[in-house]
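Data block below; observations after.
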There are 2 protein chains.
Amino acid sequence: MNSLSNPSSASEPLFYRKVKRILISEIASGVLTPGVKFPNEKALALRFGVSIGTLRRAVEELVAENILVRYQGRGTFVRNLDQERFLFQFFKLADRSGKFEYPSVTLVSFECAAATNEEAKALGLSGDAKVFRIENVLSLNGQATVHDRITIDAQLFDGLTREQLEMRSGTIYELYQRDFGITVAGANERLRAENADSRSADLLGLEAGTSVMRIERVAYTVENLPCEWRISMVDTRQVEYVSRSSRE
Amino acid sequence: MNSLSNPSSASEPLFYRKVKRILISEIASGVLTPGVKFPNEKALALRFGVSIGTLRRAVEELVAENILVRYQGRGTFVRNLDQERFLFQFFKLADRSGKFEYPSVTLVSFECAAATNEEAKALGLSGDAKVFRIENVLSLNGQATVHDRITIDAQLFDGLTREQLEMRSGTIYELYQRDFGITVAGANERLRAENADSRSADLLGLEAGTSVMRIERVAYTVENLPCEWRISMVDTRQVEYVSRSSRE
DNA sequence: AAGTGGTCTAGACCACTTG
DNA sequence: AAGTGGTCTAGACCACTTT
């Protein structure tokens, strides 16, 4: 009766894990996107040959991971990586009053080059891969506050142009999703305090050697593959990095 | 048939929310502790007059919040705030190789005094409350790395002594739980880069003005009440603050 | 009115741990 | 063997949104 094979046998994955994995691969491949009508629970359960309860469990985990959203009475949707979600999930800088606001972004430089060892390692690329390097300055309340150095796989983002970056509406993660079908679903970050290098100091209007926060981030797709490496230098006189731990 | 009133009426909370709240209050009040046998699911469901599925939902949320742990075949337990959990949930500093290790702690100062406005505000205390102030230095691999200034409500931790702090085994959060019945369940942190003040520089063996990371943390109990305010100054030449975002 | 997700039930059967 | 949690089923009924 089930279209999935029996999970009780030793190494078989569980039903809800299987369902989840299939949903993830369909999101990654673009079969399911924010623009496409998502099947309702009964239809999905029928399709996978599982009960609604089991289907719900898979969906619930994807909701918890911010990949899907459900609205009672309306339906289930692939979550759009819009500005609101970006601020909520990936932008951890708040001003001293605790308010998160989307910064204005200025592209400083854009190039395509061979990956350094460090870049190749962070992104899981082979040694001779090509990468795009994007350098941005983010301003909050008119004050240059963050200096971003972004590295992405040139093959994954094939055809990306400077104009695309400059002319985009919304965040760079929306651009990844809309123009390249790559949905950023998570990120790991490592932070330390440093003295500003001359480049960052220059772009942020600081004296060289001023204390700044360095954030190194690797972003991951829904399939948990690294897709972006980023180093941010932050002038924390106006903003703070906010981290919330495990309570809703 | 149910011992909980019907949740379908307008303002009534849901069954599983009710069950969860009752479990939280029993953990906070010490009826359920790491040392007490936790009733099995069937018994709990019967006691609350709900089905096992509903009981499980409440327990699952508490497991997700790291307050309970379940082991198949063994049972459900109030999670012990031991060193392992502390490292996993609250200690975000890893060395450059990404390894988390518990530091050695040295008590530098201990006092009881009237709360400053800042302290009273952070802990939700009245203006004339008394607080304990604890100052620690944390060393990793023999290197003084973190300077902690901790403030806690003197009434909540009534009777705390310097000897208790110096003689404790395990983390200070274990002491809160074991000796005062206060289980830390979550924390919010705000980070910025600063120049070391003379006190921190002195304790960490740095030149005054060296770039350090300042972490301001408010810790919360299982009932979501603030119970500790802490400012940490971190020498990030050896360690980094690690933040993981929303993937299992 | 019809369709969606949200909550809840009352089981069955399995996997794991303990005595 | 007995007891525990883990997965899964096949519904019922409710709340909300859309048509």
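As a basis for the values below, the full set of heavy atoms in this structure was taken, side chains included, without hydrogen atoms, waters or symmetry mates. Naming: A, B, ... by sequence-line order, numbering from 1 per chain.
Residue A:Phe100 places its CZ atom among more than 12 non-hydrogen atoms of other residues, nucleotides or ligands, all under 6.0 Å distant.
Looking at A:Arg70 and A:Glu41, a side-chain N of the basic residue comes within less than 4.0 Å of a carboxylate O on the acidic one, giving a salt bridge. At a threshold of 4.0 Å, the pair B:Glu60-B:Lys20 does not count as salt-bridged, since none of the basic side-chain nitrogens sits closer than that to a carboxylate oxygen. Ion pairing between B:Glu61 and B:Arg21 fails under the 4.0 Å rule for side-chain N and carboxylate O. A salt bridge is defined here as a Lys NZ or Arg NE, NH1 or NH2 lying under 4.0 Å from an Asp or Glu carboxylate O, and A:Lys92 with A:Glu189 meets this definition.
The CZ-C1' distance, from A:Arg17 to C:dA15, rounds to 16 Å in whole Å. Separating the CZ atom of A:Phe15 from the P atom of D:dG6 is a distance of 19 Å, rounded to the nearest angstrom. If you take NZ of A:Lys37 and P of D:dT19, they are 10 Å apart, rounded to a whole angstrom. Summarising the geometry, the separation between NZ on A:Lys42 and P on D:dA10 is reported as 14 Å, rounded to the nearest angstrom. Protein atom CD1 of B:Ile52 is 15 Å distant from nucleotide atom P of D:dT7, rounded to whole Å. As a whole-Å value, the separation of B:Leu14 CG from C:dT9 C1' is 15 Å. As a whole-Å value, the separation of A:Leu68 CG from C:dT4 P is 17 Å. When rounded to the nearest whole Å, the span between CD of B:Glu41 and P of C:dA15 equals 17 Å.
In this structure, A:Tyr71 does not reach the C:dT4 phosphate: none of its side-chain N or O atoms is under 4.0 Å from OP1 or OP2. Not one side-chain nitrogen or oxygen of B:Tyr16 sits closer than 4.0 Å to the OP1 or OP2 atom of C:dC8. Remark: A:Thr54 is not in phosphate contact with D:dT7, judged by side-chain N or O atoms under 4.0 Å from OP1 or OP2. Contact annotation: B:Thr76 side-chain N/O to D:dT4 OP1/OP2 distance is not under 4.0 Å.
Under the 3.5 Å distance criterion, with hydrogens and angles disregarded, a donor-acceptor pair is assigned to the side chains of A:Gln177 and A:Thr183. No side-chain N or O of B:Ser245 forms a donor-acceptor pair with one of A:Tyr220 less than 3.5 Å apart.
In this structure, of C:dC8, D:dG5, C:dG6, it is C:dG6 that holds the atom nearest to the side chain of A:Arg56.
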Carefully, step by step, assess B:Phe90 and B:Tyr173 under the rule ring-ring contact (aromatic ring centres under 6.0 Å, His included). CA-CA 10 Å; B:Phe90 298 107; B:Tyr173 285 2; 5.5 Å; yes
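At a threshold of 4.0 angstrom between heavy atoms, the contacts of A:Arg57 are confined to the sugar-phosphate backbone, with no base atom among them.
Summary of the strand contacts: A:Ser51 and B:Arg70 both lie near DNA chain D, and taking for each the nucleotide with the nearest heavy atom, the more 5' one is attributed to B:Arg70.
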Pairs counted as Watson-Crick or G-U wobble with both distances under 3.5 Å: what dot-bracket string results for DNA chain C, using | for bases tied to another strand? ||||||||||||||||||.
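The aromatic rings of A:Phe86 and A:Tyr102 sit perpendicular, their planes meeting at an angle over 60°, well past the 30° parallel limit. Ring orientation note: the planes of A:Phe157 and A:Tyr176 are tilted relative to one another, at an angle of 30° to 60°.
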Output one line per pair: protein atom, nucleotide atom from nucleotides 1-3 of chain C, and distance, for all N/O pairs under 3.5 Å.
from  : atom 1 : to      : atom 2 : distance (Å)
C:dG3 : N2     : A:Gly73 : O      : 3.0

